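Data first, discussion second: the structure below is written as structure tokens.
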Amino acid sequence: MTNPNTESPETPSQDARTPNFLRDIIVEDLRTKKFGDAVVQTRFPPEPNGYLHIGHAKAICLDFGLADEFGGTTNLRFDDTNPEKEEQEYVDSIQADVRWLGFDWERLCYASDYFPQLYAWAIKLIEAGKAYVDDLTADEIRQHRGTLTEPGKNSPFRDRSVEENLDLFKRMKQGEFPDGTRVLRAKIDMASPNVNLRDPVMYRILHATHHRTGDEWCIYPMYDYAHGQSDSIERVTHSMCTLEFTDHQPLYRWFIENLGIFPSQQIEFDRLNITYTLLSKRKLLQLVQEHHVHGWDDPRMPTLSAFRRRGFTPEAIRTFVSATGVSRTNGSTDIEMLEYFQRDDLNRRASRAMAVLNPLRLVIDNYPAGQTEFVEVANNPEDPSAGTRQVPFSGEIYIEHDDFREVPPPKYYRLSPGKEVRLRNAYFITAQSVVKDAAGNIVEVHCTYDPASRGGNSPDGRKVKSTMHWVSAVHAISAEIRIYDKLFTKPDPNDHPEGGSVLDNLNPNSLEILTTAKLEPSLANAKPENRFQFERVGYFCLDPDSTPNNLVFNRTLPIKDSWAKIEKKVGA
RNA sequence: UGGGCGAUCGUCUAAUGGUAGGACAGUGCCCUUUGGAGGCACUUGUCUAGGUUCGAAUCCUAGUCGCCCAGCCA
């Protein structure tokens with residue numbers, strides 16, 4: 001998982017974990033032997049109704065990380081209690097993404113494995129007079145539930161006999177009734193200030209085909225009736241979930257206590273929010289279905305499969321999640337923080353290459369016509385063990401259009417007429433003249449070079465202000481470059497006017513495709529998901545859409561550009 | 001206007017009654033064969049009002065603000 005080229009072990013300071021309240025709870029529970037001699041058992045319980053996103057990465061790191069830290073284990077459990085929204089495709093992608101992030105589960109579980117047990121427990125609750133079949137319609141149930149400020153009313157079916165409830169519930173299971181005609185409810189308290197306790201629905205009738213159990217069942221347990229018991233069956237000690245479930249905790253405990261089963265405990269923490277990033281599975285599904293993006297793994301998406309395709313690394317995502325911490329406040333982390341940890345990781349590990357995205361032809365007039373030579377270039381200046389490679393150089397090269405200005409603005413260090421600069425690892429050159437097309441656009445720059453400066457240094461100790469990347473024109477290969485920008489224009493994508501939607505905040509320029517790029521020839525050997533730093537430009541990785549004749553590179557992130565900042569200031 | 005949860009630099013997060021610290025972002029300088037990386041320095045914070053205490057970010061009271069809950073979704 002770690003780069004084999006990295007010999008130095010992680011520094012001790014990186015091992016020093018930031019304290020957090022979840023760890024405190026576990027330490028205390030272990031100290032007081034709250035679960036006897038049981039080890040820490042956690043679970044990561046996604047519903048297979050979409051792809052995992054970076055918000056899930058936080059839950060995964062917490063569930064797996066904390067258990068591992070205390071010598072416990074973690075199950076991957078699919079919370080598959082709603083066949084109408086769930087699919088095998090999602091089950092598969094979730095497993096792949098958890099593994100990619102760097103975690104492996106002790107047991108692979110499904111809430112659907114527990115349907116028979118859950119059913120048996122429902123019978124038990126009915127027999128104890130704690131559950132009843134209700135014939136009210138969904139609308140009527142809502143009306144009886146009352147409001148946030150007013151208590152609810154009992155259903156007229158609330159006091160059915162145990163025998164009648166048993167009979168009706170069994171017939172629900174046997175498929176005698178159509179969808180929506182009856183539900184099984186827990187008999188708790190219709191006047192509770194916590195609306196979750198106003199006789200919550202335990203089972204609904206759903207004649208739907210489940211991705212695992214097929215047509216075996218036509219009644220399905222609700223989340224509240226399935227989750228705590230599933231935890232209990234797996235003897236989960238610490239069931240971590242996000243804050244919005246806090247109000248469900250009394251119900252979670254009610255089922256466990258009334259069933260007298262293993263007392264798993266729910267602990268809530270805050271969700272991850274990131275600026276300019278949408279982290280709602282439902283809304284991400286909408287982006288996919290309505291083709292605002294090209295799929296769940298479109299590199300502009302916040303899904304783990306999109307981050308993978310874009311060139312992000314699991315290491316950086318884990319570091320980010322850990323740096324971001326966990327608490328019970330609702331905030332939003334600046335996306336710059338994620339980008340920082342990704343650049344930091346890639347800077348240390350990514351091979352360098354030279355690529356010119358927006359080429360300008362440069363002719364070296366005093367270079368021997370037709371000559372080619374090879375210059376030696378470090379594969380990664382941050383990592384000498386990465387070695388070197390030979391890069392072809394000749395008298396006609398491409399440089400970045402932005403690297404030449406006929407009239408240089410203040411503080412501009414790059415090439416301009418009469419100015420000397422360094423071509424990285426090659427020679428000093430001095431611009432002499434420009435060639436323009438009929439419209440007055442610069443199409444070619446003519447230079448002279450100093451043969452004594454081979455390798456990039458002049459024997460006389462002459463200094464230059466700038467070093468530029470380049471690609472030899474005859475040796476260059478072409479590629480399609482996909483430049484990604486933020487998918488949304490607002491720090492909070494949900495910040496839209498009344499009646500609007502996140503779609504109003506979609507960035508129309510989130511994808512730009514460049515077809516003119518010229519790359520050094522070694523890049524022809526790149527494999528999908530290989531990651532590079534194109535020097536002075538950014539981090540890139542080969543997209544799976546690539547073919548040998550049509551290379552496609554995704555820009556993971558641009559390199560930090562301090563010139564852009566200076567230019568802005570000088571221009572202002 | 002019921003119930004629950006929360007509030008510390010611009011952002012995220014530590015400090016568990018005893019020096020308000022770190023990271024990101026920002027600013028300046030140094031260094032640099034990537035205007036990358038790196039180094040150094042700097043700036044900015046305990047929601048408000050009371051109270052308890054030798055001492056309060058931390059405990060108490062009241063207020064203010066924010067988030068969540070009225071699916072046969074999870």
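Every value quoted in this text rests on a predicted model; they were computed, and no experiment measured them. Here is how names work: the chains are called A, B, and so on, in the same order as the sequence lines, proteins then strands, and each is numbered from 1.
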| said: Base of B:rA74, side chain of A:His248 - is there a donor-acceptor contact under 3.5 Å? | reply: yes
| message | Please report the distance separating the C1' of B:rG38 from the corresponding atom of B:rA20, rounded so that it comes out in whole Å. | response | 29 Å
| said: Check for me whether the distance between the ring centres of A:Tyr223 and A:Phe245 falls short of 6.0 Å. | reply: yes
| task | Record whether the side chain of A:Arg414 comes under 3.5 Å of the base of B:rG35 through a donor-acceptor pair of N or O atoms. | result | yes
| field | Aromatic ring proximity, centroids under 6.0 angstrom, A:His248 and A:Tyr252 | value | no
| note | Its dot-bracket string being built from Watson-Crick and G-U pairs below 3.5 Å, with | for another strand and [ ] for crossing, RNA chain B has the pattern .((((((..((((....[..)))).(((((.......)))))....(((((..]....))))))))))).....
| query | Counting any heavy atom closer than 4.0 Å, what does A:Arg182 reach on the DNA or RNA strands: base, sugar-phosphate only, or nothing? | reply | nothing
| query | Out of B:rA70, B:rU27, B:rC73, which has the shortest distance to the side chain of A:Asn82? | reply | B:rC73
| task | Give a yes or no on whether a donor-acceptor pair under 3.5 Å exists between the nucleobase atoms of B:rG2, that is its base, and the side chain of A:Asn194. | result | no
| query | Ring centroid separation for A:Tyr225 and A:Tyr203, is it under 6.0 angstrom? | reply | yes
| query | Distance between the P atoms of B:rA37 and B:rA25, in whole angstroms? | reply | 9 Å
| request: Can you figure out which of B:rG66, B:rG35, B:rU11 approaches the side chain of A:Asn330 most closely? | output: B:rG66
| request: Establish, from distance only, whether the side-chain atoms of A:Glu89 and A:Tyr51 form a donor-acceptor pair under 3.5 Å. | output: yes
| task | Run the ring-centre check on A:Phe532 versus A:Phe540 and record whether the distance is less than 6.0 Å. | result | no
| task | Among the candidates B:rA37, B:rA74, B:rC69, find the nucleotide nearest to the side-chain atoms of A:Glu382. | result | B:rA37
| task | Looking only at side-chain atoms of A:Thr149, point me to the closest of B:rG2, B:rG10, B:rA25. | result | B:rG2
For residues 330-339 of chain A, please give each side-chain donor-acceptor pair under 3.5 Å, one per line with the distance, not counting sequence neighbours.
residue  : atom : partner  : partner atom : Å
A:Thr333 : OG1  : A:Thr324 : OG1          : 3.3

| Going by the ring pair (Phe, Tyr, Trp, His ring centres under 6.0 Å) test, which pairs reach into residues 331-356 of chain A, not counting sequence neighbours? | none
| field | Candidate nucleotides B:rG71, B:rA74, B:rU34, ranked by approach to the side chain of A:Asp79 - the nearest | value | B:rA74
| query | Has the side chain of A:Glu336 got a donor or acceptor that lies under 3.5 Å from a partner of the other kind on the base of B:rU11? | reply | no
| query | Can you tell which of B:rC73, B:rA25, B:rC5 lies closest to the side chain of A:Lys560? | reply | B:rA25
